[in-house]
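Counting starts at 1 for both ligands and their atoms, in listed order.
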Amino acid sequence: MSFQTAYRHRPSVVVAATSVDDVTAAVRRAAADGVPFDVQTTGHGLTEPLDGGVLITTAALDGVEVDPVAGTARVQAGTTWDAVVTAAGAHGLAPLSGSSPGVGVVGYTLGGGLGLLSRQYGWATDHVRDIDVVTPDGELHHVTAGNELFRRLRGAGRGVGVVTGMEIGLFPVARIFGGGLYFAAEHVRDVLAAYVDWTATVPDAMTSSVGLVPFPEAAPAPLGGRYVAHVRIVYTGDAEEGERLVAPLRAVAPRLLDTLAEMPFTDSASIYNDPPWPHAYSGTNALLAGLDSPAPLVEIAGPDAPMMCVVQLNHLGGALARPPAVPDSVEHRDARFLLRVISPLDGTDEAAVAAVHTELLEAVRTQTLGRSPSFVFGPAGCAGRRSTDGHVAARRRAAT
Ligand SMILES: Cc1cc2nc3c(=O)[nH]c(=O)nc-3n(C[C@H](O)[C@H](O)[C@H](O)COP(=O)(O)OP(=O)(O)OC[C@H]3O[C@@H](n4cnc5c(N)ncnc54)[C@H](O)[C@@H]3O)c2cc1C
């Protein structure tokens, strides 16, 4: 079962791996038969479905082992973030996890990994200590700093091989000041403008984003049926200082809901409250040097868009902008914002969705540095996807 339901892999063979040997054997089989292979953990990032070939699923390889003294966790190929957050939290530590606890650690980290603590600690992939990977020729490698494969894997997203396990860094974050500020539709433009200005004033310990979200009728009051600006906050300093830092945002307008409070990091999934159920979606993104005018976000993909669009602006910079200690493949570290747009495909015409998303990207083109491979969902976004060549190349390599 894939989280993304708009597309399905249609492989000739599925290998539900329960060991590293299963992965190695599956990749060797694909190479011997001259057919493509791919790997699926949760299906959150399913974008280019297999037609024939070998699909390796990793759900059964879900181990996580925390070393509290070293401040690391060793994860297997199919481990999801919720397991790492819980295991690390027992030692007062936190991983560089993202908005959704159900996302796979390996797929997320290979794409760069933009997390809840990312302005303070950087890209998740910058904190990988070692990787075990089966390359398309079926060979298992243990790679660390200094190895070219180690550089290519981290940030490349996909297409380099099948990772069977990795060691990642953990951080001493037991509690955070975090949650959300929800503003009604009439305040969305003011909130966006204030948010963009506010980001220039905050320390690296403050990681945040703003989402423009059309909540479905079925969502609980007071959000159900409303178009809302949702500011998400994660601050690792003390709560009093957090309150002071967010005061300019609270001053913009009355909030429909204000959930900011001190909380254990193990509750951090409540900050974004991403839908945990599988669904169909298409999305794309732009890494921006700046955002002179946030108006197009509302004018093109706002409440009057021809289909539901969820727009998100992540504040980057801080540790995300620093060069990694060990070189990796994350590009455009100087971006100040990540602009994302995503639409459900519940019967909506994909071409119409792509047209609106393209119009939004065109409106910010002059400030666009590139795209993040992690936030391209569905074929609609494939044109801008830097990792596609690697993915295809890996399949070609597997097929030769
Ligand atoms: C609701 C949602 C929230 C998200 N939130 C964030 C976020 O906060 N921050 C962020 O950075 N990203 C986020 N993402 C993007 C996510 O990190 C990518 O979609 C990622 O590819 C998902 O990995 P997966 O293994 O869960 O998904 P899958 O669809 O199973 O895998 C996606 C691809 O990753 C590669 N991959 C997976 N496992 C392996 C492996 N063992 N070896 C080699 N390649 C592998 C494969 O190419 C595979 O096709 C989010 C996505 C969604 C849908």
Side-chain angles (χ1 to χ4, degrees), residues 1-9 17 20 23 26-27 36-50 55-59 61-62 75-82 95-118 122-125 131-136 152-166 207 209 211 232 234 268-269 271-283 285 310 312 314 316 320 330 338 340 342 344 372-378 381 385 387-388 390-392 394-395:
M1 174 60 160
S2 166
F3 186 83
Q4 164 68 280
T5 58
Y7 322 103
R8 285 184 61 182
H9 285 299
V20 173
V23 174
V27 174
F37 67 88
D38 204 346
V39 50
Q40 178 164 301
T41 297
T42 69
H44 277 79
L46 170 54
T47 290
E48 201 183 347
L50 271 178
L55 180 66
I56 303 161
T57 62
T58 61
L61 296 169
D62 60 354
V75 297
Q76 289 184 305
T79 307
T80 49
W81 278 122
D82 43 5
L96 297 183
S97 50
S99 60
S100 283
V103 165
V105 175
V106 169
Y108 168 106
T109 305
L110 295 185
L114 179 65
L116 301 173
L117 303 172
S118 58
W123 300 96
T125 211
I131 303 177
D132 295 314
V133 58
V134 178
T135 44
R152 279 175 50 221
L153 276 163
R154 294 172 309 120
R158 52 191 73 189
V160 182
V162 181
V163 170
T164 57
M166 54 169 59
T207 301
S209 72
R232 298 77 171 242
V234 182
S268 58
I271 296 173
Y272 280 72
N273 251 330
D274 282 347
W277 52 85
H279 57 282
Y281 48 94
S282 177
N285 71 88
V310 176
Q312 181 166 313
N314 284 77
L316 306 182
L320 292 164
V330 175
L338 171 70
R340 299 163 56 183
I342 191 160
S372 164
S374 290
F375 302 102
V376 176
F377 302 115
R385 184 179 177 133
S387 62
T388 300
H391 188 78
V392 171
R395 289 184 180 185

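Every atom of ligand 1 with a heavy atom of Gly98 under 4.0 Å away is listed here by number and element: 8 (O). Atoms of ligand 1 lying under 4.0 Å from any heavy atom of Ser100, numbered from 1 in the order shown and given with element: 1 (C), 2 (C), 3 (C). With ligand atoms numbered from 1 in the order given, ligand 1 contributes 29 (O) to contacts under 4.0 Å with heavy atoms of Leu46. With ligand atoms numbered from 1 in the order given, ligand 1 contributes 42 (N), 43 (C) to contacts under 4.0 Å with heavy atoms of Val162. Residue contact check: Gly43 has heavy atoms under 4.0 Å from atoms 27 (O), 28 (P), 29 (O), 30 (O) of ligand 1. Atoms of ligand 1 found under 4.0 Å from any heavy atom of Leu114, numbered from 1 in the order shown, are 7 (C), 8 (O), 9 (N), 10 (C), 11 (O). For ligand 1 and Ser374, the ligand atoms under 4.0 Å from any heavy atom of the residue are 15 (C), 18 (C), 19 (O). Atom numbering of ligand 1 starts at 1 in the shown order; those under 4.0 Å from a heavy atom of Gly113 are 11 (O).
For the pair Val39/Thr58, a side-chain contact is recorded, criterion being any heavy-atom separation below 4.5 Å from C-beta on. Within the 4.5 Å cutoff, the side chain of Pro95 has heavy atoms near those of the Trp81 side chain. In this structure the side chain of Gln40 reaches within 4.5 angstrom of the side chain of Ser2, judged on heavy atoms.
Distances from ligand 1 to the non-hydrogen atoms of Ser97 include no value under 4.0 Å.
Any N or O atom pair closer than 3.5 Å counts here, and Thr58 shares no such pair with ligand 1. Considering both main-chain and side-chain atoms, Arg340 never comes within under 3.5 Å of ligand 1 through any nitrogen or oxygen pair. In terms of polar-atom proximity, defined here as any N/O pair under 3.5 Å, Gly104 does make such a contact with ligand 1.
Looking at Ser118, its side chain never comes within 3.5 Å of a backbone N or O of Leu116 through a donor-acceptor pair. No donor-acceptor distance shorter than 3.5 angstrom exists from the side chain of His9 to the backbone of Pro49, with no hydrogens or angles considered.
A side-chain contact (heavy atoms from CB on, under 4.5 Å) with Val106 is found for one member of Val133, Val163, Leu61, Thr79 and no other, namely Val163.
At a 4.0 Å heavy-atom cut-off, ligand 1 touches Asp38 through the side chain alone. Residue Thr80 does not touch ligand 1, judged by heavy-atom distances below 4.0 Å. Contacts between Val163 and ligand 1 below 4.0 angstrom, taking non-hydrogen atoms only, involve backbone and side chain alike.
The nearest pair of heavy atoms linking Tyr272 to Ser99 is CG-CB, 3.5 Å. Contact record, Val330 with Gly155: CG2-CA, 3.9 Å, taken as the closest heavy-atom pair. Minimum interatomic distance between Phe3 and Pro276 (heavy atoms only, all atoms of both residues): CE1-O, 3.4 Å.
Here atom 12 (N) of ligand 1 lies nearest to Phe375 when heavy atoms of Trp123, Tyr281, Phe375 are compared. Scanning Gly45, Gly111, Ala17 for the heavy atom closest to atom 29 (O) of ligand 1 points to Gly45.
Going from atom CD1 of Ile131 over to atom OG1 of Thr109 covers 8.5 Å, rounded to the nearest 0.5 Å.
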* Stepwise, does the ring pair (Phe, Tyr, Trp, His ring centres under 6.0 Å) test hold for Phe377 with His44? -> CA-CA 9 Å; Phe377 302 115; His44 277 79; 8.7 Å; no
